[in-house]
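Notes to accompany the following structure.
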Amino acid sequence: MVRLKPVVNDPQGLVVTEALHALGYDEVEGVRVGKFISLELGDGDPERARARVEEMCRRLLCNGVIEDYRFQLSEGGEAS
Amino acid sequence: MVRLKPVVNDPQGLVVTEALHALGYDEVEGVRVGKFISLELGDGDPERARARVEEMCRRLLCNGVIEDYRFQLSEGGEAS
Amino acid sequence: MSRAGTAAPPSREELRQLALTEEEYGSACRQLGREPNQLELGLLGALWSEHCSYKTSKRLLGQLPSASPRVVQGPGENAGVVDLGGGLLCCFKMESHNHPSAVEPVQGAATGVGGILRDVIAMGARPVALLDSIRFGALEDARQRQRFARVVEGIGWYGNCIGVPTVGGETYFDQAYSENCLVNAMCVGLVEQGRLARALARGEGNPVLLVGADTGRDGIHGATFASVELDREAEERRPAVQVGNPFLEKCLLEACQELAGDPDLVGLQDCGAAGLSSACAEMAHRGGSGVEIEVQRVSRRERGMGPYEVMLSESQERMVLVVREGAEERFRERFRRWGLRCDVIGRVIAEPCLRVTDGGRPVAQLPLSVLVAGVPPRRPQSRAEPAPAASSPDPLLEVPPWPAEEAWLRVLGSPNCASSRWVWRQYDHQVGDDTIVGPGADAAVLRLRGRVQGLALSVDSAHPSARLDPRRGTAMGLAEGLRNLACVGAEPLGVTDCLNFGDPDSPLVMWQLEEAVAGLAEAARELGVPVVSGNVSLHNQYQGRSIPPTPSLGLVGLVPDLERLPRPGFCVEGDLVALLGRPGAGPEGVELGGSEYQRLASGQPSGSAPELDLAAERRAAEAVRQAVRARLLRSCHDCSLGGLGVALAEAAVWGGQGAVVRSPLAPPERPSPGWAAAVLLGETQGRYLASLDPGRLAELERALAAAGVPLAVLGRVGGEWLEVSGVARIPLAGARERLEGALPGAMAGPALGAGMGERAGPVS
Amino acid sequence: MTTRFGIAVFPGTWSDRDCAHAAELAGGEAVFLWHAERDLRGADVVVLPGGFAYGDYLRTGAIARFAPLMEAVRERAREGGPVLGICNGFQILCEAGLLPGALLRNQSLQFRCQPVWLRVESCRTPFLAGGEVGQVLRMPISHGEGRYYVDAGTLRQLEQEGRVALRYSEADGRLSPDANPNGSLGAIAGVSNAEGNVLGMMPHPERACEPLLGSSDGLRLFASALAALSPP
Ligand SMILES: Nc1ncnc2c1ncn2[C@@H]1O[C@H](COP(=O)(O)OP(=O)(O)O)[C@@H](O)[C@H]1O
Ligand SMILES: [Mg+2]
């Protein structure tokens, strides 16, 4: 899961907020739109998988200038 | 969390898979890229919030033609 | 081959899903001398669909003239081809993606653009321009705003990504398109003479290659989908929606460019509707041979796909090649360099049939005489609409709803007449560095590298009065295109058409189609514009309501000298303003039938369509071309939707100068109350509004007199007002605000609905 | 010897031929540099053109930065050789860390193709060396993700070091929110590295090299790089 850092302005989130308000969902106070990336991994050691995914995020999947990331592994070698 | 239905072509996922392979992450067998939307909700009844978010997903956040969604509520009135 | 195991003939329901009738099924059995098996039935359903076989329209299309000394390739290949001289050819074609765009606007429109690009790529040409013609319901409705915005996004996304400029198009809104939006896209490409590719398979033993995307379960039955009414069930056919990948297509484009003209390339064809089955069958049919496909060799995106799905998948971004035996490795290597997968999936066989094997086991074998050429032609009933009782005089003349000034401003502020900048600023219209005149003027102009010449491109649809008279309205569409070309001095080379109609089983719609094709044929002949390619989109109906007849016409012309292009609009104070062509027609000299003014005032066209004199159109276009080439005109614009009032305002806004002119028509003795507005907003055909240096007037007069084209000097350029003496007067700033502000204003409402403007991939 | 412009070609690049044309109009010679090779083919100036390398999937420029060609470009940049990134090229340079910041989706969330005015803020880079500060240039933009963003600290540094090269402005050089087509921070249209040899910009100078196309202001960037390299 990769999303824009809180300090970075997210016009898409604003537009979605407005659209939700227009539809009557007034309880929505804010929306931020990010990316959800699911990786299917060949089986392996979860420890090692964690380190590798961490590295993939840092090197490719997330741009540290504007984005943060977070991920979790689930059984069957999936990360997201 | 909104993502392309499994039968729908995800060119973005294919290209990211290739890029990860090129970087040496051969254990990656497949990638799918979707959206991660976080909503901040004014406090309220979790039961009701769930129903409302469900509705927002169907009506606006998810394009049912090609996408599926899934969400979870966390404390402090956040949904994603 | 017998229907393996199951001997029972398909049920009516099964046939309906394949869009086959029982008669058609019977005919197939008779021609084959047996019953087709499941897979064969699927292949027949796809290739016999309206979309692939033109079974309803083919007999009509034969009337269209398609020859001229310039035409190298008429209808029948992936795109039409005309000769630009000096060894350069121009390919072009227009296609619809109406149904997919209604279900999933972004991807539907995007894959429409992808598909038409591949048609041009398959000719060995480099695509150099895209144009679009799009129609929606009224923008007061949030659903329509959303659909419109997302179609524009989809068209832009694909074209912008692949780096082909979208240089023109047209945008139109009317209630009648609320449930059936129209999305037509046109692509123009250039290719050197020796590199033109053809879509055929021949040479027994030659390998058949599939290149590009893996095959998935996308759009199975897309062809039949486009051939049935859009209804609730469309929802369930949703897997028919495909997601485009312009990146892959860009790589395909470049690789095909490198391979075009290779002596070992036998045939090149894109995979469009009905996927591999139609691509292979049509290539083989054209080449007078057969093709055998081994489905196991087709690379798949998903597990568990059977031969049926592989053969009928409409996965995008795939092309089929036939190459000389022995050259396959060289070709594969080329594609690999561009990161493209390429597999040998079959070979050319002598027997003229499509044979499909699954792991060596034959699973289908259909003679091409049946599969490609055997569909029984449909001849649905047609019945003319009773001519409307002409209410004369027009109620708008008798009881005008608004004062002339207000009527003028309202028409300028209609999204149909106002600027479409909101649309085309989202399209890259400059990439390639050849766009000399981009969207927003009459015709777009592209330069041809290394020459003084250029290409002029224009998309125009039938006049809205085609609802009153489909024959004349369609001819007016072509005449308008010709005028747009003339304004930049271009001579027409050819036209591609996209015939958008409703339910062909409605006798009225069938009549409209017959009339429109007859009108196009007649106009093409009289105006000297061969029809080189085209597409038919039927079944644009919803709950029994069909769209109005809407043929779109894409013209290509040759600009002889780019240095002699007129300037945009009224740009030099003191210049004369002149009207070329007949100033008016009809009672009191004004024609309101089908005009935008009438649409705004009464919601629908009534009365009679404007008169059309094709011989006069041709004379005027020729005279205008000559005047442009002789630099007699500073600016030139045609009068189309919105008549003189819109033409005047556009010329003034584009050039930044107002004008004071007289009415081109002398008022009748006792003018009707609505006469003034009608002078401004009537849509009499065959007119051009020009500005010129007063010093050139004498020469212009001589030239037009010799050509038999009327000329009226109306007044002068200058000032902050647009004034038609004795008729109406509005400030230039007000006109600008309407023309520029209407569409952004209409789109300012909240955007609603799924997807939030997200695509499957981003845009740089 | 003529100055050689090396024009990078990634799968998905589409301004390559336009840039080559511009380089030739400026009096240079153009060669194409294939993304999968580490070879600059003797180029004196490296241009990363517009397009959507690798589909711009994930993020614009994110995948392109790993191309073998980029290793050579990085090295050249370090040696002080002139490198110009246009549009997608700018995005790649940012992703590659050769320039600070990132380019986000336009504030309007829409793609924009339109002419803009650019005020020259600094002439330190070889691409603007021939001009003067305050001068206003006209050329088009064509992008969906051109909103320049950088954190506040780096922004201050960029301003102090004169590394903001171009800003979106009105025709007379005034800054205004209307003149900023994508919501860029500080209306920034182009920035350079600390040494000044690497310039990234969202607008397309290669589309403004001939009067027939509406402006020839863009030709100055190519011509001044050429002039900077050929001592009188
Ligand atoms: N959907 C569109 N895409 C691109 N350009 C468009 C679109 N709609 C309108 N335009 C441009 O706006 C201008 C005016 O369109 P239109 O009024 O239909 O012109 P005309 O009446 O001269 O044919 C044309 O230059 C056309 O290219
Ligand atoms: Mg016109």
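These figures come from a predicted structure and were not determined experimentally. Quick note on labels: first sequence line is chain A, next is B, and so on, each numbered from 1. As a basis for the values below, the full set of heavy atoms in this structure was taken, side chains included, without hydrogen atoms, waters or symmetry mates.
Of the N and O atoms on the side chains of D/Glu161 and D/Gln157, at least one donor lies less than 3.5 Å from an acceptor on the other residue. Judged by distance alone, the side chains of D/Asp16 and D/Thr13 never bring a donor and an acceptor atom under 3.5 Å apart.
For D/Leu104, the part sitting under 4.5 Å from any heavy atom of chain A is the side chain, from C-beta outward, and nothing else. In this structure, the portions of A/Leu61 lying under 4.5 Å from any heavy atom of chain D include both its backbone and its side chain.
In this structure, D/His35 and D/Phe10 have tilted ring planes: the angle between them lies in the 30° to 60° band.
Between chain A and the residues D/Gln107, D/Arg65, D/Glu95, the largest count of heavy-atom pairs under 4.5 Å involves D/Gln107.
Judged purely by atom type and a 3.5 angstrom limit, D/Asn106 has no side-chain atom pairing as donor or acceptor with the backbone of D/Phe111.
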